[in-house]
Amino acid sequence: MLQNFIDAYSPDNLRYLFGGLGITILVSVVSIIGSFIIGSILGVIRYVKIKYFSAIVGVIIDVIRNLPLILILFFTYFGLPNLGVKPEIIPAAILAMTIFESTMLAEIVRSGIQAVDPGQMEGARANGLTYWQGLWHIVLPQAMVKMIPAIVSQFISLVKDTSLATIILLPEMLYRSQIIYGQNTNYIIPMFVAIALMYFVVCYCLSVLARYLEKRQA
């Protein structure tokens with residue numbers, strides 16, 4: 001058994017596997033940035049209740065949130081070409097992740113804003129700020145502090161969900177480990193151990209960052 005681990009963790013295999021980790025991090029980081037920006041905008045739109053528009057956005061969010069991510073991955077990679085758009089594997093994965101996570105974050109943002117004491121907005125208006133100034137300068141900063149745990153938890157889920165993109169042949173960690181142990185079935189357990197450690201390190205770092213930001217904001 002020990003020899004299987006030694007052989008599985010050869011320099012070439014580790015180099016190949018860490019290349020997959022790089023792809024996982026790339027897709028995760030770009031998706032996190034994109035989904036945070038879009039999700040925040042959608043969440044604010046749902047909160048302020050713009051006539052008709054907020055309702056339409058709400059319906060779209062509810063529909064996407066209740067679809068499996070793997071279906072969205074299939075659509076972005078296999079469905080979009082039928083509409084004249086042919087994304088490469090990595091852009092397709094990023095697009096699917098961003099769309100799905102944006103809807104999740106939109107609800108977190110909306111709930112976070114609602115959790116702020118309404119008196120904060122009233123105080124802002126009483127001091128001469130407009131509604132949007134009060135929302136941006138007073139309400140949102142307080143809401144973000146409340147949202148940090150939920151947002152980071154969602155980001156951790158996103159990192160782990162990148163493994164689903166193996167279905168469209170995204171060359172991330174899980175896909176590359178399958179290539180490695182496909183050549184020697186004795187490498188299955190060593191590869192799973194290596195992947196588990198890599199996911200743990202990335203997700204744990206996000207958790208530590210979340211606790212740091214929470215303390216800093218507090």
Side-chain angles (χ1 to χ4, degrees), residues 25-73 75-76 91 93-127 129-162 164-165 202-218:
I25 293 175
L26 171 65
V27 172
S28 299
V29 169
V30 177
S31 300
I32 284 172
I33 294 172
S35 61
F36 180 74
I37 294 172
I38 297 172
S40 297
I41 294 172
L42 295 178
V44 170
I45 290 174
R46 289 211 68 183
Y47 173 76
V48 298
K49 293 180 173 58
I50 302 172
K51 190 174 182 180
Y52 301 124
F53 186 54
S54 292
I56 294 171
V57 169
V59 170
I60 295 173
I61 288 174
D62 288 338
V63 169
I64 295 177
R65 284 179 67 238
N66 288 285
L67 294 176
L69 175 56
I70 196 167
L71 179 62
I72 300 175
L73 283 164
F75 176 76
T76 55
I94 291 173
L95 178 60
M97 296 285 181
T98 301
I99 291 172
F100 185 75
E101 292 301 322
S102 293
T103 60
M104 297 297 184
L105 289 175
E107 287 303 293
I108 293 174
V109 171
R110 182 179 66 84
S111 299
I113 296 174
Q114 288 180 333
V116 176
D117 186 349
Q120 297 294 316
M121 177 60 80
E122 294 171 3
R125 298 300 299 276
N127 282 281
L129 297 180
T130 66
Y131 178 82
W132 290 104
Q133 287 174 332
L135 185 63
W136 179 256
H137 295 290
I138 306 298
V139 177
L140 275 177
Q142 296 181 62
M144 283 298 172
V145 175
K146 298 176 182 293
M147 290 185 283
I148 286 175
I151 288 176
V152 173
S153 177
Q154 196 60 46
F155 287 161
I156 290 173
S157 294
L158 185 152
V159 173
K160 292 184 287 188
D161 285 344
T162 56
L164 293 175
V202 173
C203 294
Y204 182 73
C205 288
L206 280 175
S207 299
V208 171
L209 176 62
R211 287 196 291 269
Y212 169 75
L213 291 175
E214 209 168 355
K215 289 179 181 179
R216 185 184 177 92
Q217 291 298 325

Q. In terms of side-chain geometry, is the basic nitrogen of Glu122 or Arg125 positioned less than 4.0 Å from the acidic oxygen of its partner?
A.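 Judged by the 4.0 Å cut-off on N to carboxylate O distance, Glu122 and Arg125 do not form a salt bridge.
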Look at the side chain of [X] and the backbone N and O of [Y], then say whether any donor-acceptor pair between them is shorter than 3.5 Å.
X      : Y      : answer
Ser111 : Ile108 : no
Thr76  : Leu73  : yes
Ser102 : Thr98  : yes

Q) Above 12 or not: heavy atoms from other molecules or residues under 6.0 Å from OH of Tyr131? A)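 Count over threshold, so yes.
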Got a second to check how far [X]'s [atom1] is from [Y]'s [atom2], nearest 0.5 Å?
X      : Y      : atom1 : atom2 : answer
Asp62  : Leu67  : CG    : CG    : 11.0 Å
Gln154 : Asp161 : CD    : CG    : 8.0 Å
Ile32  : Leu105 : CD1   : CG    : 9.5 Å
Tyr204 : Ile156 : OH    : CD1   : 11.0 Å
Gln133 : Met121 : CD    : CE    : 10.5 Å
Arg46  : Ile113 : CZ    : CD1   : 12.0 Å

Sequence neighbours excluded and cut-off under 3.5 Å, please list the side-chain donor-acceptor pairs for residues 37-44, or say none.
from: Ser40; atom 1: OG; to: Phe36; atom 2: O; distance (Å): 2.7

Q: Check Leu164, Thr103, Ile64 against Ile72 for a side-chain contact (heavy atoms from CB on, under 4.5 Å) and give me the one that passes.
A: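 Considering Leu164, Thr103, Ile64, a side-chain contact (heavy atoms from CB on, under 4.5 Å) with Ile72 is found only for Ile64.
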(Q) Please enumerate all residues that pass ring-ring contact (aromatic ring centres under 6.0 Å, His included) together with Phe53, with sequence neighbours excluded. (A)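 So Phe53 forms no ring-ring contact (aromatic ring centres under 6.0 Å, His included) with any residue.
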Q. Within a strict 4.5 Å, meaning less than it, do heavy atoms of the Ser35 and Met97 side chains meet?
A.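 No, every pair of side-chain atoms sits at 4.5 Å or beyond.
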(Q) I'd like to check Tyr47 versus Leu135 (side-chain heavy atoms, cut-off strictly below 4.5 Å). Are they in contact? (A)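 Counting from C-beta outward, Tyr47 and Leu135 do come under 4.5 Å.
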Q: Please name the pair of heavy atoms, one in Ser28 and one in Leu158, separated by the smallest distance, quoted to 0.1 Å.
A: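 Smallest heavy-atom distance, with atoms named: CA-CD2, 3.7 Å.
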Q: Write down the atom of Pro149, the atom of Val145, and the distance for their closest heavy-atom approach.
A: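 Residues Pro149 and Val145, closest heavy atoms: CD-O, 4.0 Å.
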